[in-house]
Trainee: 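The following block contains the structure, expressed as structure tokens.
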There are 2 protein chains.
Amino acid sequence: MKGREKAIVVADIIDNIRRVFQAVNEYSKKAERETGLTGPQLWAIKVVAESGPLKVSELARRMYLHPATVVGVIDRLEGRGLVSRMRSREDRRVVKIELTEQGKTLIVNAPEVAQGLLVRGLETLEHEQLLRMSVDLERLVEILGAQELPPKLLLSSEINLPGRSVPK
Amino acid sequence: MKGREKAIVVADIIDNIRRVFQAVNEYSKKAERETGLTGPQLWAIKVVAESGPLKVSELARRMYLHPATVVGVIDRLEGRGLVSRMRSREDRRVVKIELTEQGKTLIVNAPEVAQGLLVRGLETLEHEQLLRMSVDLERLVEILGAQELPPKLLLSSEINLPGRSVPK
DNA sequence: ACCAGATCGTTTGTGCTCAAATGTTTGGTG
DNA sequence: CACCAAACATTTGAGCACAAACGATCTGGT
């Protein structure tokens, strides 16, 4: 009767999932100490950096966050002079977020976010192992019933790294 | 040259990791609507329910949270009459948290937390698949450098489910 | 030209999370 | 006995996250 073993393996898996959660959080806090920016702030400024001027709603969409949350983040980034708000002339409802010169200089020597670490680590794996892991994670997603969660967004924009290294 | 394919698989993996994060959050919010309690509140009350009266610090440790955070959660649970604080007589610095009768009745028909869903789903998998997934997640943890994160706590208390179902 | 409805950014209110500071109690040590 | 360091819970302050409500603006239909 291998029910017992099974339970142990399940426990291991849950433990490791927890560790992944923890690690991502910890990593975000580490970046905080190095740049003076918090994780979300760094994330936001990176998205703006690589996708030009963005509407607030568009930025929120790319970060999977509520617009109301993003407004606060922008407030603080603007307070530090790293980004600036610009009302659009075609549609005066929208506000475009863009980097200031100060923001551009900061971005070049900002540390990687957790995703970067993850991407680089995964790239060192064999192709077969990658496929395996992809399948397994898909199964996990299936268990959680989260197949369609990010409704086919082009979230690749934040993670895709064409050839080799330097996702920065 | 399969560098391109590799990047695609990596992107898929990252996507699915994100989905797992999202799903756990969403799930916590769903529980919120069904019980009137937030995710952390429900989590805290479940831990107290199965591990008897607990010190604040002990509860914080089991939830991987800062004591200051737990104090706020307890405040709100106490405000709803679900738990009660009791100063220890042996050591008057410590405060024991225990369920009220109202809390006990709530706990029996409270919905599963995300972990429960995960555990039940994993249990339906083949033993081989479980081992595979365990190995893969371990690799993920390794990439994140999070091997020793939860410093060998008896966190099993929240997840172990000896024989079959009923992690509740 | 007007009005109903949608969209956009923002504000407000509640809760979670941590770091740092505070106050209390305990257990030693001089 | 007096003092002091450690342990404990709490408070305070800052940031993040969302729901709900709001004012301003744009759009489509009449």
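Labels below follow one simple rule: chain letters A, B, ... track the order of the sequence lines, proteins then strands, and each chain is numbered from 1. Heavy-atom basis, side chains included; hydrogens, waters and symmetry copies ignored.
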Trainee: Using a strict 4.0 Å threshold on nitrogen-to-oxygen distance, state whether B:Glu101 and B:Lys104 make a salt bridge.
Mentor: yes
Trainee: When you compare the protein's N or O atoms with those of nucleotides 1-5 of chain D, which come within less than 3.5 Å of each other, and at what distance?
Mentor:
none

Trainee: With the sugar-phosphate defined as primed atoms, P, OP1 and OP2, and the base as all remaining atoms, what B/S/- string results for nucleotides 7-15 of chain C, 5' to 3', for protein heavy atoms under 4.0 Å?
Mentor: BSSBB---S
Trainee: To the nearest angstrom, how far is A:Arg89 atom CZ from D:dT25 atom P?
Mentor: 15 Å
Trainee: Starting from B:Leu122, can I reach B:Val135 by hopping between I/L/V/M/F/W/Y residues whose side chains sit under 4.5 Å apart?
Mentor: no
Trainee: Following the transitive rule for hydrophobic clusters with a side-chain heavy-atom cut-off under 4.5 Å over Ile, Leu, Val, Met, Phe, Trp and Tyr, establish whether B:Met63 and B:Leu99 coincide in one cluster.
Mentor: yes
Trainee: May I ask you to verify if any side-chain N or O of A:Thr69 is less than 4.0 angstrom from the OP1 or OP2 atom of D:dC18?
Mentor: yes
Trainee: If we count only N and O atoms by modelled type, under 3.5 Å, do the side chains of B:Gln102 and B:Thr100 hold a donor and an acceptor together?
Mentor: no
Trainee: Which whole-number value in Å describes the distance from A:Leu77 CG to D:dG15 C1'?
Mentor: 12 Å
Trainee: Output the rounded distance in Å from CG (A:Leu37) to P (D:dA14).
Mentor: 17 Å
Trainee: Taking A:Arg93's backbone N and O only, do any of them form a donor-acceptor pair with A:Arg87's side chain (distance below 3.5 Å, no angle check)?
Mentor: yes
Trainee: In terms of heavy-atom contacts, does CZ of B:Arg89 have more than 12 from other residues, nucleotides or ligands at under 6.0 Å?
Mentor: no
Trainee: Can a salt bridge be assigned to the pair A:Glu58 and A:Arg61 using a cut-off of 4.0 Å between side-chain N and carboxylate O?
Mentor: yes
Trainee: Between P on C:dT26 and CD on B:Glu90, what's the gap in Å once rounded to a whole number?
Mentor: 11 Å
Trainee: Can you measure B:Leu59 atom CG to D:dA9 atom P for me and round it to whole angstrom units?
Mentor: 10 Å
